[in-house]
Amino acid sequence: MTVTTRFAPSPTGYLHIGGARTALFSYLYAKRHNGTYLLRIEDTDRERSTDEAVQAIFDGLKWLGIESDVNPPVFQTQRYDRYREVIAQMLAAGTAYHCYASKAELDEMRAAQMARKEKPRYDGRWRPEAGKVLPPPPEGVAPVVRFRNPSAGVVVVDDIIKGAISFDNSELDDLIIARGDGNPTYNFCVVVDDWDMGVTHVVRGDDHVNNTPRQINILKALGATPPVYGHVPMILGADGVKLSKRHGAVSVIEYRALGFMPEALLNYLVRLGWSYGDQELFTRDEMIKLFDLERVQKAPARFDMEKAIWVNHQFLKSADPAIVAPEFDWHLRRVGVDPANGPAVVPVIEAQRERCKTLVEMAEKSKFFYAELDGYNDKDAAKHLGADSALLLDELRAALANLGDWTTLTLHETVNGFAEAKGLGLGKIAQPIRVAIAGMAITPPIDVTLFLLGRERTLARLQAAVAYSAAKVGGG
RNA sequence: GCUCCUAUCGUCUAGAGGCCUAGGACGGAGCCCUCUCAAGGCUUAAACCCGGGUUCGAAUCCCGGUAGGAGCGCCA
């Protein structure tokens, strides 16, 4: 049997980081076993589901590169006929029954149970039982349909991550599978869908473990073989509290804005709750080859932004710059610069990636290649642009203006030779140059920077810096 | 309250009864290198929740406690 997994988000908001990891695990497991990975949109809550959220989930998954093997994905709202059909079957078979208890009645029942310190649950008042006489259905009440859960025995969930978990059927009440309006509910749709779609492994958040025994019971009532379950623990914020807005970035797409490469985020996520010995860095192929649900951690993990950024940096440093280019391009535009108005993006990435942990940082530090300076950094100018540097920069400008070939090699020789001739350490001249051409004292090696910036811009900026320094000195 | 789950450095983790004087990584501290910022190299501090068992031997197995978490909807 071929392995089939699915990721089944409900479109009530953006794709959050925990969901992304669940999707990743699900995807990886399927790929690892040459299986199929599916996306299913659980939109049975008509009130809260929105088209924008559906789109946000698609966008997030697409950016991460976790794409469904079957398109378009299944939307539960398109399967209502099928759900109704199964419900009718269950009603006929006696594995489900109508319940006429009103919401108010149920609320009252739960309140009373809580008051008695009991676990709140449906008391089975409309459950047919041998020898039991049910009251006549009240007038004008649209009944819900409840699953007739076995009242005795135990259900064992053989969880691939958590191990065997057993539940007493006596602890499980008869859950509603169809609402008063006839629409099916989540726990029921999941079961039917996983069954129809041939899902062999259900990978989902561990907030679902308590639903699992009931789902298994429904599957059994339907004569289906339950899938293998794997419940992955949740991701916590750095403070150990459930991830939320106040932790900053929760939505996957926010990580793009923060300057992460999708592959790097995936790499961080896969190592959060899963490990392969001491290995920290994985390519996508390695993840697929090595991933294993059995090695997923049972306890929740905290999201550590520092480490995520480190992983991103490692990726930036070692990746093929051509892969980084489109994202970098996107970030350059985002900081208000036109990538066409300067050097090719690939060599800039190569020059910058050692010193930039995120693409936001890289874009900020590379702006000067693509747009005119909007002034100098105050501190750097104060420190490096003065009377003496004005003289040096002016002389250097003249030397560079006469340079034949504008290459990193000739630039290196010229600048180093210049410093040597002046009896200065390279630092004494490199820093003023940096501030002059980049507006700040942080750039890649000076030869590479000058080369990428080009002759025209370099000479113009040196001249401007000389004028600036002179004016500053002149003005006292 | 009830049911279920979890527990190794600050964080992510290795650890399948002796290989543990508990390893790696991020972050921290220090040193080296250096044209800036970085990167890199080296060194270093830092953990088995507690208590009982089982065993010649327990971070590893069992029980209890404690602490955290999840669920208990005509939400998903």
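Every heavy atom of this structure was used, including side-chain atoms; hydrogens, water molecules and symmetry mates were not. In what follows, chains are A, B, ... by sequence order, proteins preceding strands, each numbered from 1.
- Residue contacts for A/N211: at a heavy-atom cut-off of 4.0 Å it reaches a base atom on one of the strands shown.
- In terms of phosphate contacts, A/T44 brings a side-chain nitrogen or oxygen within less than 4.0 Å of OP1 or OP2 of B/A76.
- A/E306 comes within contact range of the sugar-phosphate backbone alone, with a heavy-atom separation under 4.0 Å but no base atom that close.
- The distance between atom CZ of A/F147 and atom C1' of B/C74, rounded to the nearest whole Å, is 18 Å.
- Under a 3.5 Å cut-off, the side chain of A/T358 and the backbone N or O of A/G259 do not form any donor-acceptor pair.
- Nucleic acid contact class of A/H313 (heavy atoms, under 4.0 Å, all strands): sugar-phosphate only.
- When distances run from any side-chain atom of A/D304 to the nucleotides B/C2, B/U6, B/U11, the shortest one goes to B/U11.
- Looking at heavy-atom distances under 4.0 Å, A/K317 makes contact with sugar-phosphate atoms alone, never a base.
- Residue side chain A/D207 does not reach the base of B/G71 through any donor-acceptor N/O pair under 3.5 Å, judged by distance alone.
- Comparing B/C12, B/A25, B/A76 by their closest approach to the side chain of A/E280 singles out B/A25.
- Regarding contacts with the backbone of B/G73, a side-chain N or O of A/R110 is found under 4.0 angstrom from either OP1 or OP2.
- Within 4.0 Å of A/P9, counting heavy atoms only, lies no atom of the nucleic acid at all.
- Here the separation of B/C61 from B/U55, taken at their C1' atoms, is 10 Å to the nearest Å.
- An OP1 or OP2 oxygen of B/G71 is reached within less than 4.0 angstrom by no side-chain nitrogen or oxygen of A/R204.
- Here, B/G51 and B/A7 have their C1' atoms 15 Å apart, quoted to the whole Å.
- On the P atoms, B/G64 is 15 Å away from B/C2, given to the nearest whole Å.
- When every heavy atom of A/F260 is checked against every heavy atom of A/E327, the shortest pair comes out as O-OE1, 4.3 Å.
- Of the C1' atoms belonging to B/G18 and B/C33, the separation is 44 Å, rounded to the nearest Å.
- At a threshold of 4.0 angstrom between heavy atoms, the contacts of A/A441 include nucleobase atoms, whether or not backbone atoms are also involved.
- Of the two residues contacting RNA chain B, namely A/M234 and A/G163, the nearest-nucleotide position lying further toward the 5' end is that of A/G163.
- For B/A14 and B/A25, the C1' atoms lie 11 Å apart once the distance is rounded to whole Å.
- Residue A/S166 is classed as a sugar-phosphate contact, given heavy-atom separations below 4.0 Å to backbone atoms only.
- Across all strands shown, A/K119 has heavy atoms under 4.0 Å from base atoms, whether or not it also approaches the sugar-phosphate.
- One finds a side-chain N or O of A/K357 lying less than 4.0 angstrom from the OP1 or OP2 phosphate oxygen of B/A39.
- Applying the Watson-Crick and G-U wobble criteria (two distances, each under 3.5 Å), B/U54 pairs with nothing in any strand.
- The backbone N or O of A/N149 lies less than 3.5 Å from no partner atom in the side chain of A/N169, so there is not a single donor-acceptor pair.
- Using Watson-Crick or G-U wobble geometry with both donor-acceptor distances under 3.5 Å, B/A16 finds no partner in any strand shown.
- Residue A/S275 places at least one side-chain N or O closer than 4.0 Å to OP1 or OP2 of B/A14.
- Listed nucleotides: B/C35, B/U3, B/C37. Nearest to the side chain of A/L426: B/C35.
- Between B/U36, B/C4, B/C12, one nucleotide has an atom nearer to the side chain of A/N210 than all others, and that is B/C4.
- Nucleic acid contact for A/I165: sugar-phosphate only, since backbone atoms but no base atoms lie under 4.0 Å from a heavy atom of the residue.
- If you take atom C1' in B/U8 and the same atom in B/G24, they sit 13 Å apart, rounded to whole Å.
- Between A/Q297 and B/A14 there is a side-chain N or O to OP1 or OP2 distance below 4.0 Å.
- Within the nucleic acid shown, A/K298 comes within 4.0 Å of sugar-phosphate atoms alone, with no base atom in reach, counting heavy atoms only.
- Note on A/G273: only backbone sugar-phosphate atoms sit closer than 4.0 angstrom, heavy atoms only; bases stay farther off.
- Between A/W274 and A/F25, the ring center distance fails the sub-6.0 Å criterion.
- Residues A/Q76 and A/C189 come closest through the heavy atom pair NE2-CB, 3.4 Å.
- A/D168 comes within contact range of no nucleotide atom at all, as no heavy-atom separation falls under 4.0 Å.
- Both A/R116 and A/R434 lie close to RNA chain B; mapped to their nearest nucleotides by heavy-atom distance, the more 5′-ward contact belongs to A/R116.
- Looking at heavy-atom distances under 4.0 Å, A/R302 makes contact with sugar-phosphate atoms alone, never a base.
- The two residues A/T408 and A/F451 come nearest to each other via the heavy atoms CG2-CB, 3.6 Å.
- Defined by atom type and a distance below 3.5 Å, a donor-acceptor pair is present between the side-chain atoms of A/H231 and A/R204.
- In this structure, B/A45 makes no Watson-Crick or G-U wobble pair, since no nucleotide meets both defining distances under 3.5 angstrom.
- Among the atoms of the strands shown, none is found under 4.0 Å from any heavy atom of A/P213.
- If you check B/A59 for Watson-Crick or wobble pairing at under 3.5 angstrom, you find it has no partner at all.
- B/U34 and B/G40: their C1' atoms are spaced 11 Å apart (whole Å).
- As rounded to the nearest Å, B/C37 and B/U11 have P atoms that lie 32 Å from one another.
- The shortest distance between the side-chain N/O atoms of A/R295 and the OP1/OP2 oxygens of B/G15 is below 4.0 Å.
- One N or O on the side chain of A/R353 and one on the backbone of A/L316 form a donor-acceptor pair closer than 3.5 Å.
- No cation-pi contact links A/R40 to A/F7, judged by a cut-off of 6.0 Å to the six-membered ring centre and 45° from its axis.
- Distance from the side chain of A/K307 is smallest to B/G24 among B/U36, B/G24, B/C4.
- B/A25 is paired with B/U11 under the criterion used here, namely a Watson-Crick or G-U wobble arrangement in which both key atom distances are under 3.5 Å.
- Among B/C4, B/C74, B/C26, the nucleotide with an atom closest to any side-chain atom of A/W310 is B/C26.
- Counting distance only, with no hydrogens placed and no angle test, the side-chain atoms of A/Q113 and the base atoms of B/G1 include no donor-acceptor pair under 3.5 Å.
- Taking a pair to require two hydrogen-bonding distances under 3.5 Å in either a Watson-Crick or a G-U wobble arrangement, B/C72 pairs with B/G1.
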